Amino acid sequence: MTAVRSESAEATTASLRFPPGFVWGAATAAYQIEGAAAEDGRTPSIWDTFSHTPGRVLNGDTGDIAADHYHRFRDDVALMSDLRLGAYRFSVSWSRVQPTGRGPAVQRGLDFYRQLVDELLAKGITPVATLYHWDLPQDLEDVGGWTVRDTTERFAEYAAIMAGALGDRVPFWTTLNEPWCSAFLGYGSGVHAPGRTEPDSALKAVHHLNLAHGKAIGALRSVLPAAAQTSITLNLHQIRPLSSSPADLDAARRIDAVGNRVFLGPILSGDYPADLLADTAHLVDWEALVRDGDLAEISRPIDLLGINYYTPTLVSDSTAHTGDPEVPRNDGHGASDHSPWPGSEHVAFHLPPGETTAMRWAVDASGLYDLLMRVHREHPGLPLMVTENGAAYDDYLSPEGTVNDPQRIAYLHGHLSAVHRALADGADVRGYFLWSLMDNFEWAYGYSKRFGAVYVDFSTQRRIPKQSAHWYAAVARDNVLPDLPEEDGES
């Protein structure tokens with residue numbers, strides 16, 4: 001029986017060539033790989049606090065050591081070079097360079113990122129910096145975190161510090177990674193740091209994350225060379241109603257508002273959608289929250305939009321349908337009795353039929369194509385990057401010392417086929433970043449889920465490229481997606 005063959009339906013008979021200059025990369029996040037949690041002046045982030053709180057993370061795992069990238073980054077960059085990566089998307093640990101989230105930077109922290117960037121450039125790999133991948137300094141959370149406006153000012157100052165330190169060598173800058181998760185999983189369902197379950201706080205966090213993005217774009221632009229490119233990365237949801245009934249269509253509308261348009265509206269069009277404001281008016285006073293000038297700040301022009309995609313979202317009205325009990329309301333990021341969808345608590349979530357990953361996420365590459373084309377239609381001319389895409393499977397090291405992961409190869413093949421199809425249909429997609437370069441600390445799942453192209457033996461920190469890593473290296477080398485041989489899709 002073939003596994004995930006439906007993924008590669010877009011191109012099963014011929015190799016697909018990508019445009020010249022298409023960027024092939026891989027991505028990671030600081031807390032997930034760096035370790036060295038208390039070294040060289042670094043102080044706790046909200047994820048340090050969260051992971052050290054009993055019951056928050058599976059098996060009590062923490063990111064204290066993670067993949068020990070802080071000490072092994074030169075070897076890791078050499079590995080990236082061996083895998084023919086053209087770009088590496090990394091995030092900066094805010095509390096490593098500015099321990100309290102305010103005041104002067106710690107030079108030892110900045111030096112780590114300077115050395116990382118220098119090593120990348122020496123190997124011909126383009127550095128792509130993300131300022132925030134969920135690890136707010138705990139000191140800032142202690143005074144309100146993303147629920148207070150002052151955090152937006154602190155973030156802009158931090159952005160300026162990083163641009164000053166690395167702006168001459170880093171050509172691509174991303175302000176925030178997946179602010180939906182920061183706001184709704186962190187302050188709504190509580191399955192991510194800081195673990196709060198307050199719908200009103202989640203909505204305040206959304207606005208302040210949007211505002212922080214806009215202020216950071218201004219701060220970056222004031223320091224960076226004119227040729228540098230700025231962006232934000234959103235985990236846009238490809239939402240599908242379970243049926244065409246009015247109730248299910250309205251459920252999809254509500255989730256689209258609080259999952260997608262809550263960011264796309266203010267960032268790209270300068271306004272929050274009216275239906276979102278109406279759906280959530282009982283939870284937050286938007287007129288008091290959104291002050292004069294905020295929307296102009298949030299909608300500062302960006303050069304690229306990063307899109308993260310893993311799986312589609314299938315919804316219905318819960319009064320007519322019962323949600324699949326194996327699909328939590330927090331979109332599969334961990335179990336919670338609290339909804340991360342303010343104003344949409346009556347919406348039920350369903351597991352689409354067919355193949356799933358180890359995260360129990362449905363495999364459906366058409367969702368990536370649909371998202372890319374939606375943004376292309378709604379915002380023509382906006383360059384796009386697929387900044388995360390990948391899958392977790394139950395990988396293991398064979399007695400021969402190899403990791404064979406044909407399901408991941410099939411997953412990647414299908415999704416790259418979808419990207420190529422979107423390019424052919426007019427979407428301006430500039431590159432693709434595999435999630436993730438290596439196995440790492442997978443947030444509330446600890447070390448139980450492996451997304452990496454490179455297997456990490458966490459007891460020894462040995463790195464072993466999986467078969468998917470070698471396959472992806474060939475794609476990056478040739479700028480061509482070959483047809484997937486039938487035997488590579490076998491399970």
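Keep in mind that this is a model prediction, so the values were computed, not measured.
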Is any NZ, NE, NH1 or NH2 atom of the basic residue among [X] and [Y] found under 4.0 Å from an Asp or Glu carboxylate oxygen of the other?
{"X": "Arg261", "Y": "Asp275", "result": "yes"}
{"X": "Arg253", "Y": "Asp279", "result": "yes"}
{"X": "Lys449", "Y": "Asp395", "result": "no"}
{"X": "Asp364", "Y": "Arg240", "result": "yes"}
{"X": "Glu378", "Y": "Arg374", "result": "yes"}
{"X": "Glu141", "Y": "Arg196", "result": "yes"}
{"X": "Arg421", "Y": "Asp370", "result": "no"}
{"X": "Arg114", "Y": "Asp168", "result": "no"}
{"X": "Glu297", "Y": "Lys215", "result": "no"}
{"X": "Asp76", "Y": "Arg74", "result": "no"}

Worksheet item: Which is it for Asp256 and Arg254 under the salt bridge (Lys or Arg N to Asp or Glu O under 4.0 Å) test, yes or no, and what are the steps along the way?
Response: CA-CA 5 Å; Asp256 185 57; Arg254 284 177 176 269; over 6 Å; no

Find the distance between [atom1] ([X]) and [atom2] ([Y]) and round it off to the nearest 0.5 Å.
{"X": "Ser231", "Y": "Phe172", "atom1": "OG", "atom2": "CZ", "result": "9.0 Å"}
{"X": "Leu83", "Y": "Arg477", "atom1": "CG", "atom2": "CZ", "result": "12.0 Å"}
{"X": "His338", "Y": "Glu198", "atom1": "NE2", "atom2": "CD", "result": "10.0 Å"}
{"X": "Tyr88", "Y": "Leu120", "atom1": "OH", "atom2": "CG", "result": "7.5 Å"}

Discussion item. Can you tell me how the ring of His420 sits relative to the ring of Phe18, calling it parallel under 30°, perpendicular over 60° and tilted otherwise?
Written reply: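 Because their plane-to-plane angle is over 60°, the rings of His420 and Phe18 count as perpendicular.
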
Worksheet item: What is the ring orientation for Trp471 with His413, classed by angle as parallel under 30°, tilted 30 to 60°, or perpendicular over 60°?
Response: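 Geometry flag for His413 against Trp471: tilted rings.
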
Any side-chain heavy atom of [X] sitting closer than 4.5 Å to one from [Y]?
{"X": "Trp134", "Y": "Phe50", "result": "no"}
{"X": "Val386", "Y": "Tyr309", "result": "no"}
{"X": "Leu79", "Y": "Pro465", "result": "yes"}

So, does [X] use its side chain to make a donor-acceptor pair with the main chain of [Y] at under 3.5 Å?
{"X": "Arg463", "Y": "Gln461", "result": "yes"}
{"X": "Ser95", "Y": "Thr43", "result": "yes"}
{"X": "Thr174", "Y": "Leu176", "result": "no"}
{"X": "Asn210", "Y": "Ile298", "result": "no"}
{"X": "Lys123", "Y": "Met80", "result": "no"}
{"X": "Asn260", "Y": "Ala257", "result": "no"}
{"X": "Arg56", "Y": "Thr49", "result": "no"}
{"X": "Ser91", "Y": "Tyr132", "result": "no"}
{"X": "Arg169", "Y": "Ala165", "result": "yes"}
{"X": "Tyr447", "Y": "Thr62", "result": "yes"}

Test item: side-chain donor near acceptor, [X] and [Y], under 3.5 Å:
{"X": "Asn308", "Y": "Glu178", "result": "yes"}
{"X": "His52", "Y": "Asp64", "result": "yes"}
{"X": "Thr130", "Y": "Asn177", "result": "no"}
{"X": "Asp294", "Y": "His207", "result": "yes"}
{"X": "Thr233", "Y": "Thr387", "result": "yes"}
{"X": "Gln115", "Y": "Asp111", "result": "no"}
{"X": "Asp405", "Y": "Tyr455", "result": "no"}

Worksheet item: Quick one: which of Arg42, Glu34, Gln98 gives a side chain to side chain donor-acceptor pair (under 3.5 Å) with Ser93?
Response: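 Result: among Arg42, Glu34, Gln98, Arg42 is the only option passing the side chain to side chain donor-acceptor pair (under 3.5 Å) with Ser93.
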
Discussion item. For Tyr393, does the six-membered ring have the charged nitrogen or CZ of Arg408 within the cation-pi criterion, i.e. under 6.0 angstrom from the centroid and within 45° of the normal?
Written reply: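 No; the conditions do not both hold, so Arg408 does not lie above the ring face of Tyr393.
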
Worksheet item: Only one of Asn389, Leu384, Leu372 clears side-chain contact (heavy atoms from CB on, under 4.5 Å) with Val419; which?
Response: Leu372

